[in-house]
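First up is the structure itself, then whatever we jot down about it.
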Amino acid sequence: MRIDIMTLFPEMCEAFLSESIIGRARAAGHVDIRCVNIRDYAGNKHNRVDDYPYGGGTGMVMKPNPIYDCYQAVTEGGARKCHLIYLTPQGKTLTQERVRELSEMDDLVFLCGHYEGVDERVIEEIVDEEISIGDYVLTGGELPALILADSISRMLPGVLANEDAFTEESHYGHLLEYPQYTRPAEWQGREVPEVLLSGDHGKVDRWRLEQAVARTLERRPDMLEAADAAGELTKEEREILDTLKDV
Ligand code: SAM
C-alpha cells in the first residue's frame with residue numbers, strides 16, 4: 001500500500017510517521033507513506049499557496065492550482081490511479097469499518113487543508129471522498145491525515161505482530177474491548193482479577209467476553225442495539241446481555 005499525504009507541513013507529518021510502530025512498518029516496507037509539500041507546486045516566485053476569500057470574510061483559502069499540480073505530480077499525470085481523500089470537518093465521520101475498507105486499497109492520497117480550507121473547485125475536480133475525524137474543528141488536516149494513515153497502516157499485513165491485535169479490539173466488531181492488566185499483580189492496593197492469573201484459558205475468554213459486553217452496555221449501548229438489530233450478536237453475547245439486563 002502506498003499513501004501520499006499532500007500537505008503544507010510535511011515535517012510535521014514526518015515527525016510522527018518516523019516513530020514507533022508506523023516508523024518500523026515504513027522501514028520494513030510494509031507500507032510506503034510519502035509526505036509531499038504542496039508549496040513545492042506554488043508556481044509563483046513568492047511561493048504563495050493561499051489567498052483572500054472571494055466575497056470577503058476572515059482567514060485565507062488554499063489556492064486550487066498548487067494542489068492540482070501537486071496531485072498531478074503524485075499521480076504521474078493520472079497514470080497512477082489513486083483514491084483521493086480530503087480531510088475535512090464536512091466529511092463523513094471516520095469509522096473502523098471504513099478504515100478496514102480503505103486498508104484494502106493500493107494507492108491512497110490524502111489532502112490536508114489549512115486556514116479556512118481549500119478552494120471548492122479543486123475539491124470538485126480531484127477529490128473522491130471527504131472524511132472527518134469528528135465533529136470539531138482543527139487548524140489543519142495534518143492530524144486527521146495522520147490518524148487515517150495510522151489506523152489504516154496497523155491493519156496491513158506484517159505491521160502488527162499478529163492479526164488478533166486488531167480483530168479483538170474495540171470497534172473492530174460490535175463490542176468495546178475488555179479491561180487489560182499487566183504486572184504487578186497488586187498495585188496501590190488494587191488486585192488484578194483472579195481469573196486472569198488462573199491459567200484457565202476457557203475461563204479467561206468467558207470473563208473477557210462478559211467484561212466486553214458489560215462495558216459496551218454501560219458506555220456504548222448504541223453499538224449493542226445496532227448489532228442486535230442487524231442480528232450480529234452471538235448466542236453467548238445475547239445470554240450475557242440478557243443476564244446483565246436482569247440484574
Ligand atoms: N472552514 C472550514 C469549515 O468550516 O468547514 C474549516 C477549515 S479548518 C480550520 C482547516 C482544515 O483543517 C480543513 O481544511 C481540514 O483539512 C482540517 N480539519 C479541521 N477539522 C477537521 C476534522 N474534524 N476532520 C478532518 N479534517 C479537519
Side-chain angles (χ1 to χ4, degrees), residues 1-43 47 49-50 60-96 98-119 122-123 125-134 136-156 158-159:
M1 144 106 47
R2 173 169 160 186
I3 301 174
D4 289 87
I5 302 179
M6 303 199 306
T7 168
L8 290 175
F9 300 94
E11 295 87 2
M12 192 193 281
C13 299
E14 274 296 345
F16 172 82
L17 294 166
S18 305
E19 297 287 335
S20 185
I21 297 173
I22 305 302
R24 288 197 294 276
R26 288 174 83 196
H30 296 308
V31 59
D32 177 4
I33 309 180
R34 306 178 190 196
C35 305
V36 191
N37 195 343
I38 296 171
R39 202 174 292 278
D40 290 346
Y41 301 89
N47 279 340
V49 289
D50 59 347
M60 303 296 273
V61 176
M62 286 173 68
K63 292 159 76 65
N65 226 45
I67 294 171
Y68 185 74
D69 288 351
C70 182
Y71 177 69
Q72 287 296 320
V74 164
T75 60
E76 294 159 18
R80 288 181 60 237
K81 295 289 162 227
C82 302
H83 185 73
L84 175 54
I85 299 170
Y86 173 42
L87 284 310
T88 163
Q90 300 183 23
K92 212 166 171 193
T93 308
L94 186 63
T95 62
Q96 186 64 40
R98 190 63 192 140
V99 168
R100 191 192 58 70
E101 290 164 359
L102 291 171
S103 73
E104 285 166 8
M105 295 187 177
D106 290 328
D107 290 294
L108 296 172
V109 182
F110 300 163
L111 170 60
C112 307
H114 229 87
Y115 318 116
E116 281 309 307
V118 310
D119 188 296
V122 76
I123 299 175
E125 185 73 21
I126 62 174
V127 170
D128 297 303
E129 179 175 3
E130 299 186 31
I131 288 183
S132 165
I133 58 154
Y136 43 84
V137 178
L138 302 165
T139 55
E142 285 70 22
L143 288 172
L146 292 172
I147 286 171
L148 194 52
D150 183 292
S151 56
I152 290 172
S153 298
R154 69 193 295 281
M155 299 198 77
L156 300 177
V159 174

Would you indicate whether the side-chain heavy atoms of [Y] and [X] approach each other to under 4.5 Å?
X: Q72; Y: V74; value: no
X: D32; Y: I3; value: no
X: L146; Y: C13; value: yes
X: C70; Y: D40; value: no
X: S153; Y: I33; value: yes
X: F110; Y: M6; value: no
X: F16; Y: D150; value: yes

Self-check item: Test item: side-chain donor near acceptor, E130 and T88, under 3.5 Å
Solution: no
* Passes salt bridge (Lys or Arg N to Asp or Glu O under 4.0 Å), D107 versus R80? Steps please. -> CA-CA 8 Å; D107 290 294; R80 288 181 60 237; 2.7 Å; yes
Just by distance, do the side chain of R2 and the backbone of L108 share a donor-acceptor pair under 3.5 Å?
no
So, the side chain of T7 versus the backbone of F9: is there a donor-acceptor pair under 3.5 Å, distance only?
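Looks like yes, one N/O pair under 3.5 Å.
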What is the minimum heavy-atom distance between [X] and [Y], and which atoms define it?
X: V159; Y: H30; value: CG2-CB, 3.7 Å
X: M155; Y: Q96; value: SD-NE2, 3.4 Å
X: G141; Y: C112; value: O-SG, 3.5 Å
X: Y136; Y: P89; value: O-CB, 4.0 Å
X: S103; Y: I152; value: CA-CG2, 3.8 Å
X: L87; Y: A145; value: CG-N, 3.8 Å

If the threshold is 4.0 Å, N to carboxylate O, is there a salt bridge linking [X] and [Y]?
X: K63; Y: D50; value: no
X: R34; Y: E14; value: no
X: E129; Y: K92; value: no

- [ ] In sequence, state the C-alpha distance, the side-chain angles, and the governing distance for L143 and I133, and then conclude on side chain to side chain contact (heavy atoms under 4.5 Å, CB included).
- [x] CA-CA 9 Å; L143 288 172; I133 58 154; 5.6 Å; no
Next on the checklist: Name the residue from V122, I123, D128, V109 that meets the side-chain contact (heavy atoms from CB on, under 4.5 Å) definition with Y86.
Outcome noted: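 For Y86, the side-chain contact (heavy atoms from CB on, under 4.5 Å) check succeeds only for I123.
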Q.
As a test of understanding, state which of D119, L8, I38, V49 forms a side-chain contact (heavy atoms from CB on, under 4.5 Å) with I67.
A.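 In the set D119, L8, I38, V49, the residue that makes a side-chain contact (heavy atoms from CB on, under 4.5 Å) with I67 is I38.
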d(T75 OG1, K81 NZ) to nearest 0.5 Å is 7.5 Å
Q.
Does V99 form a side chain to side chain contact (heavy atoms under 4.5 Å, CB included) with L94? I'd like the steps, not just the answer.
A. CA-CA 7 Å; V99 168; L94 186 63; 3.8 Å; yes
Could you walk me through whether I131 and L148 satisfy the side chain to side chain contact (heavy atoms under 4.5 Å, CB included) test, starting with their C-alpha distance in whole Å, then the side-chain angles of each, then the deciding distance to 0.1 Å, before giving a yes or no? CA-CA 9 Å; I131 288 183; L148 194 52; 4.3 Å; yes
